[in-house]
Amino acid sequence: MKKVKDSVAKIGEQGYETLAEAVAAAQAEETVTLIADATGAGVVIDKNITIDFNGKTYTANKGVGSTGTETLGLQILKDNYVTLKNGTLTSEGDKVKMLVQNYANLTVVDMNLVDATGAIQYVLSNNSGNVVIKGNTNITTDAVAFDACKYANYAIPTVTVETTGTIAGAIEVTGGNLVIKGGTYTVD
């Protein structure tokens with residue numbers, strides 16, 4: 001068993017060397033907790049899970065995704081319930097073009113989603129599911145902060161923004177629903 005003190009992430013008292021390993025090992029409904037700032041490959045999420053960033057920063061430096069489009073920091077697959085909370089998600093280099101690609105029911109709470117490279121085209125792309133952005137969540141980019149864009153035969157996405165934070169970047173709505181209940185915006 002990996003010692004938690006030498007790990008990047010944990011589930012309970014079990015430590016993992018990478019966030020991707022912890023997510024892969026997690027059972028449905030478990031919480032993966034980041035216990036150190038870390039840099040690594042993107043992560044595919046295909047289960048009901050919570051990732052508690054625990055005040056830490058995860059920096060994606062290599063994308064994941066479908067064959068030929070491995071440009072995602074997080075790829076969240078459909079029919080799941082995922083929560084991202086309490087920390088920062090960013091990227092480095094030019095390999096990650098979309099910080100979060102979401103097809104699931106997603107809750108983002110007290111997060112900083114940051115385009116630190118200028119290579120990001122979309123910080124949070126929502127192509128299906130119900131998405132809630134709340135707490136003091138900030139999204140920072142010169143590109144698209146988030147979208148609500150129906151994709152193929154997936155369910156129409158609904159994005160509800162009730163953050164007290166700042167959304168810096170464009171918002172796209174194409175075949176999706178957007179409900180704004182809070183936040184400060186730098187773009188009309």
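One-based numbering along the sequence shown. Treat the numbers as computed from the prediction; the structure is a model and nothing was measured.
Distance check: Ile11 CD1 to Glu21 CD gives 10.5 Å after rounding to the nearest 0.5 Å. Taking OG1 of Thr117 as the start and CG of Asn61 as the end, the distance is 11.5 Å to the nearest 0.5 Å. In this structure, the separation between CD on Gln75 and OG1 on Thr69 is 7.0 Å, given to the nearest 0.5 Å. Residue Asn102 holds its CG atom at 8.0 Å from CG of Asn127, rounded to the nearest 0.5 Å. To the nearest 0.5 angstrom, Asp115 atom CG is 5.0 Å from Ile120 atom CD1. Separating the OH atom in Tyr122 from the CD atom in Glu172 is a distance of 3.5 Å, to the nearest 0.5 Å.
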Worksheet item: Are Val44 and Leu77 close enough, and set up right, to give a side-chain contact (heavy atoms from CB on, under 4.5 Å), and what steps lead you there?
Response: CA-CA 8 Å; Val44 177; Leu77 302 178; 3.9 Å; yes

Practice prompt. Evaluate side-chain contact (heavy atoms from CB on, under 4.5 Å) for Thr33 paired with Ile35, printing each intermediate quantity in order.
Written response: CA-CA 6 Å; Thr33 303; Ile35 55 176; 4.2 Å; yes

Item to complete: Just do the side-chain contact (heavy atoms from CB on, under 4.5 Å) check on Leu178 and Phe146 with the steps written out, would you?
Response: CA-CA 10 Å; Leu178 174 62; Phe146 69 87; 3.7 Å; yes

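Of the possible polar contacts, none joining the Lys10 side chain to the Ala22 backbone as a donor-acceptor pair under 3.5 Å is found. Under the 3.5 Å distance criterion, the side-chain polar atoms of Asn48 are matched with a main-chain donor or acceptor of Tyr81. In this structure, the side chain of Asn105 engages the main chain of Asn130 through a donor-acceptor pair within 3.5 Å. Looking at Glu70, its side chain does come within 3.5 Å of a backbone N or O of Gly68 through a donor-acceptor pair. Not a single donor-acceptor pair under 3.5 Å links the side chain of Lys62 to the backbone N or O of Gly42.
Side-chain heavy atoms closer than 4.5 Å link hydrophobic residues (I, L, V, M, F, W, Y) into clusters, and following such links, possibly through other members, connects Ile180 to Val173. Hydrophobic cluster membership differs between Val32 and Val64, with clusters built from Ile, Leu, Val, Met, Phe, Trp and Tyr side chains linked at under 4.5 angstrom. Val23 and Val82 end up in the same hydrophobic cluster when Ile, Leu, Val, Met, Phe, Trp and Tyr side chains are linked at under 4.5 Å. When the side chains of ILVMFWY residues are joined at heavy-atom separations under 4.5 Å, either directly or via intervening members, Val43 and Tyr16 end up in a single hydrophobic cluster. The hydrophobic cluster containing Leu72 does not contain Leu74, counting ILVMFWY residues as joined when their side-chain heavy atoms lie under 4.5 angstrom apart, directly or transitively.
For Val187 against Ala170, the heavy-atom pair with the smallest separation is CG2-N, 4.2 Å. Residues Leu34 and Phe53 come closest through the heavy atom pair CB-O, 3.7 Å. Taking each heavy atom of Val8 and Glu17 in turn, the nearest pair found is CG2-O, 3.1 Å. Pairing each heavy atom of Ile49 with each of Glu30, the nearest pair is CG1-O, 3.4 Å. Summarising the geometry of Ala145 relative to Ala168, their closest heavy-atom pair is CB-O, 4.2 Å, with the distance given to 0.1 Å.
You'll find the side chain of Leu124 stays beyond 4.5 Å of the side chain of Val144, heavy atoms only. Using a 4.5 Å heavy-atom threshold, the side chains of Asn54 and Asn86 count as separate. A heavy-atom distance below 4.5 Å is found between the side chains of Ile171 and Tyr185. Residues Ile76 and Tyr103 form no side-chain contact, since every pair of their non-hydrogen atoms from C-beta on lies 4.5 Å or further apart. Put simply, the side chain of Ile51 does not reach to within 4.5 Å of the side chain of Lys85, judged on heavy atoms. Counting heavy atoms from C-beta outward, Val179 and Lys181 have side chains that approach closer than 4.5 Å.
With 3.5 Å as the limit, one finds a donor-acceptor pair spanning the side chains of Asp46 and Asn80.
More than 12 heavy atoms of other residues, nucleotides or ligands lie within 6.0 Å of CG in Asn136, so this atom counts as buried by the packing criterion.
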Please tabulate, for the side chains in residues 147-163, all donor-acceptor contacts under 3.5 angstrom to protein atoms that are two or more places apart in sequence or on a different chain.
{"unit_1": "Asp147", "atom_1": "OD1", "unit_2": "Ser125", "atom_2": "OG", "d": "3.3"}
{"unit_1": "Asp147", "atom_1": "OD1", "unit_2": "Asn126", "atom_2": "N", "d": "2.6"}
{"unit_1": "Asp147", "atom_1": "OD2", "unit_2": "Ser125", "atom_2": "OG", "d": "3.1"}
{"unit_1": "Lys150", "atom_1": "NZ", "unit_2": "Ala152", "atom_2": "O", "d": "2.6"}
{"unit_1": "Lys150", "atom_1": "NZ", "unit_2": "Tyr154", "atom_2": "O", "d": "2.8"}
{"unit_1": "Thr158", "atom_1": "OG1", "unit_2": "Asn177", "atom_2": "ND2", "d": "3.2"}
{"unit_1": "Thr163", "atom_1": "OG1", "unit_2": "Gly135", "atom_2": "O", "d": "3.1"}
{"unit_1": "Thr163", "atom_1": "OG1", "unit_2": "Thr137", "atom_2": "N", "d": "2.9"}
{"unit_1": "Thr163", "atom_1": "OG1", "unit_2": "Thr137", "atom_2": "O", "d": "2.8"}
{"unit_1": "Thr163", "atom_1": "OG1", "unit_2": "Gly165", "atom_2": "N", "d": "2.8"}

For a quick test of your reading: what N or O donor-acceptor pairs under 3.5 Å do the side chains of residues 88-99 make, sequence neighbours left out?
{"unit_1": "Thr90", "atom_1": "OG1", "unit_2": "Val114", "atom_2": "O", "d": "2.8"}
{"unit_1": "Lys97", "atom_1": "NZ", "unit_2": "Asp94", "atom_2": "O", "d": "3.0"}

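Partner of Asn112 under the side-chain contact (heavy atoms from CB on, under 4.5 Å) criterion, chosen from Thr140, Ile139, Thr166, Asn138: Asn138.
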